[in-house]
Amino acid sequence: MHDRDLHYLREAIALARAGMDRNDGGPFGCVIVKDDEIIGSGNNRVTSSNDPTAHAEVVAIREACRALGSFQLDGCTLYTSCEPCPMCLGAIYWARPDRVVYAGARQDAAAAGFDDQLIYNELPLPPAERRLPMEQALRQEACAVFEAWGRKADKTAY
């Protein structure tokens with residue numbers, strides 16, 4: 001770990017505290033860095049925006065992608081105040097930064113009342129066995145759209 005990594009990680013932690021002090025949402029912060037410059041930052045804004053997806057990492061990814069004019073974070077490092085939750089981890093993988101550096105562990109977040117273990121436990125289960133009822137219908141109609149995507153000559157792959 002380099003001193004620059006610790007610097008940016010402290011920036012993420014400072015955003016977590018500032019957002020918490022403003023009552024934006026939970027105590028989480030994130031910065032995204034490219035070429036030694038912060039191009040995206042965010043703190044948890046779930047309760048202030050009434051948006052359950054407004055986690056610090058998602059907010060920062062949206063800002064960084066706008067700044068880059070891209071849906072990919074090539075050449076970027078994402079620094080976050082805590083190990084990403086399953087939703088944020090999914091968003092991070094889709095954004096494809098070069099690396100992630102985090103401070104707190106998910107067990108630390110759970111001790112503070114942010115326990116994602118239920119989601120981790122649900123992911124490997126077949127949809128019909130999950131706590132949240134899930135039903136499937138119209139699969140063939142949906143697959144027809146996927147087939148059309150496969151034939152689409154002017155698509156932007158991601």
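Because the structure is predicted, anything quoted here is derived from the model rather than measured. Scope of the values below: all heavy atoms of this structure, side chains included, with no hydrogens, waters or symmetry mates. Throughout, residue positions are numbered sequentially from 1 according to the sequence presented.
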Taking the ring centre of each residue, are F28 and F114 less than 6.0 Å apart?
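Close enough - the centres of the two rings lie under 6.0 Å apart.
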Qualifying residue for side chain to side chain contact (heavy atoms under 4.5 Å, CB included) with C76, from I61, V100, L68:
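Among I61, V100, L68, the one meeting side chain to side chain contact (heavy atoms under 4.5 Å, CB included) with C76 is L68.
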Are the side chains of L73 and I32 in touch, meaning some heavy atoms are under 4.5 Å apart?
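SC-SC contact between L73 and I32 confirmed.
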Between S41 and L15, is there a side-chain heavy-atom distance shorter than 4.5 Å?
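Result yes, sub-4.5 Å side-chain heavy-atom pair found.
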Do K152 and D154 meet the salt-bridge criterion of a basic N to acidic O distance under 4.0 Å?
yes
Between D36 and R4, is the closest basic N to carboxylate O distance under 4.0 Å?
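Looking at R4 and D36, the cut-off is met.
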[X] side-chain N/O to [Y] backbone N/O, donor-acceptor pair under 3.5 Å:
{"X": "S48", "Y": "D24", "value": "yes"}
{"X": "S81", "Y": "G29", "value": "yes"}
{"X": "Q72", "Y": "R96", "value": "no"}
{"X": "E122", "Y": "R130", "value": "no"}
{"X": "K34", "Y": "D74", "value": "yes"}
{"X": "R45", "Y": "A54", "value": "no"}
{"X": "D35", "Y": "E37", "value": "no"}

Between [X] and [Y], what is the shortest heavy-atom contact and its length?
{"X": "A103", "Y": "I13", "value": "CB-CD1, 3.9 Å"}
{"X": "C85", "Y": "D116", "value": "CB-OD2, 3.1 Å"}
{"X": "G40", "Y": "E63", "value": "CA-OE2, 3.4 Å"}
{"X": "M87", "Y": "P52", "value": "CE-O, 3.9 Å"}
{"X": "G25", "Y": "N44", "value": "CA-OD1, 3.4 Å"}
{"X": "C88", "Y": "E57", "value": "SG-OE1, 3.3 Å"}

Show your working on side chain to side chain donor-acceptor pair (under 3.5 Å) between R22 and N43 and close with a plain yes or no.
CA-CA 10 Å; R22 284 191 309 271; N43 62 277; 3.0 Å; yes
Do [X] and [Y] sit in one hydrophobic cluster, given that two such residues count as connected whenever their side-chain heavy atoms are within less than 4.5 Å of each other, even indirectly?
{"X": "V58", "Y": "I92", "result": "no"}
{"X": "L89", "Y": "Y102", "result": "no"}
{"X": "L6", "Y": "V31", "result": "yes"}
{"X": "I39", "Y": "L78", "result": "yes"}
{"X": "I38", "Y": "L9", "result": "yes"}

Please round to the nearest 0.5 Å and tell me the distance separating atom CG of L118 and atom CG of D115.
8.0 Å
Spatial distance of atom NE2 (H7) from atom OH (Y79) [nearest 0.5 Å]
9.5 Å
Describe, in one word, how the ring planes of F71 and Y158 are oriented to each other, choosing from parallel (under 30°), tilted (30 to 60°) and perpendicular (over 60°).
perpendicular
Could you give me the CA-CA distance, side-chain angles and deciding distance for R99 and D5, then say whether salt bridge (charged side-chain N to carboxylate O under 4.0 Å, His left out) is met?
CA-CA 11 Å; R99 59 195 280 256; D5 289 328; 3.1 Å; yes
Is it the case that over 12 heavy atoms from other parts of the model lie below 6.0 angstrom from the OH atom of Y120?
yes
